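Notes follow the structure.
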Amino acid sequence: MLRAVLNRSLTLRGFIQNEFAPTMFGDFLRDMGAWVREGRVRYREDITEGLDSAPEAFAGMLEGRNFGKTLVRVADPS
């Protein structure tokens, strides 16, 4: 890979996830929140009920049995 980079005179730049957070996080929250509310961006959650089910949920996540974000609900939110 490095040879291809050198042969093509490419520039590589690493990306650190939180590198832009101080300057762009507010914009992200505003834009993404609007897109989710409008239905332009959708997400999926795989919710497992009860803390006693957490080990099984974790194992399932590692095995790829979940789709989207894996969550364990430990209490009723109301």
Side-chain angles (χ1 to χ4, degrees):
M1 180 177 141
L2 188 54
R3 181 175 298 286
V5 169
L6 295 173
N7 287 341
R8 292 183 177 100
S9 296
L10 301 177
T11 299
L12 295 179
R13 184 177 191 282
F15 179 77
I16 308 293
Q17 181 181 355
N18 61 0
E19 179 178 358
F20 301 101
T23 57
M24 303 187 86
F25 190 64
D27 293 339
F28 168 78
L29 288 179
R30 182 195 65 234
D31 295 344
M32 186 59 68
W35 296 336
V36 169
R37 283 189 301 277
E38 295 166 4
R40 293 171 58 191
V41 173
R42 297 188 319 222
Y43 60 92
R44 292 188 179 178
E45 297 173 334
D46 186 7
I47 301 173
T48 301
E49 298 291 336
L51 189 56
D52 55 331
S53 301
E56 182 181 335
F58 182 68
M61 181 185 65
L62 294 177
E63 294 171 1
R65 291 185 300 201
N66 67 305
F67 192 91
K69 176 78 68 181
T70 297
L71 302 168
V72 175
R73 183 177 293 141
V74 294
D76 188 359
S78 56

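Bear in mind the structure is a predicted one, so any value in this text is a computation, not a measurement.
Contact between T48 and S53 at its shortest, heavy atoms only, is CG2-CB, 3.3 Å. When every heavy atom of L10 is checked against every heavy atom of A4, the shortest pair comes out as CD1-O, 4.4 Å. Between A57 and V72, the shortest heavy-atom contact is CB-CG2, 4.0 Å.
Looking at N66, its side chain does come within 3.5 Å of a backbone N or O of G68 through a donor-acceptor pair. Distance alone, capped at 3.5 Å, is enough to place a donor-acceptor pair between the R37 side chain and the G33 backbone.
Clustering ILVMFWY residues whenever any of their side-chain heavy atoms sit less than 4.5 angstrom apart, transitively, puts F25 in the very cluster that holds W35. L62 and F67 fall into different hydrophobic clusters, where Ile, Leu, Val, Met, Phe, Trp and Tyr residues are linked whenever their side-chain heavy atoms come under 4.5 Å apart, directly or through other members. Clustering ILVMFWY residues whenever any of their side-chain heavy atoms sit less than 4.5 angstrom apart, transitively, puts M61 in a cluster other than the one holding L71.
The number of heavy atoms from other shown groups lying within 6.0 Å of CE (M24) does not exceed 12. The environment of E45 atom CD is dense: over 12 non-hydrogen atoms of other residues, nucleotides or ligands sit within 6.0 angstrom. Residue-environment remark: CD1 (I47) exceeds the threshold of 12 foreign heavy atoms within 6.0 Å. Crowding of R30 atom CZ: a count of heavy atoms from other residues, nucleotides or ligands under 6.0 Å exceeding 12.
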As a quick check of understanding, evaluate salt bridge (charged side-chain N to carboxylate O under 4.0 Å, His left out) for R73 and E49, giving each step before the final call. CA-CA 5 Å; R73 183 177 293 141; E49 298 291 336; 2.6 Å; yes
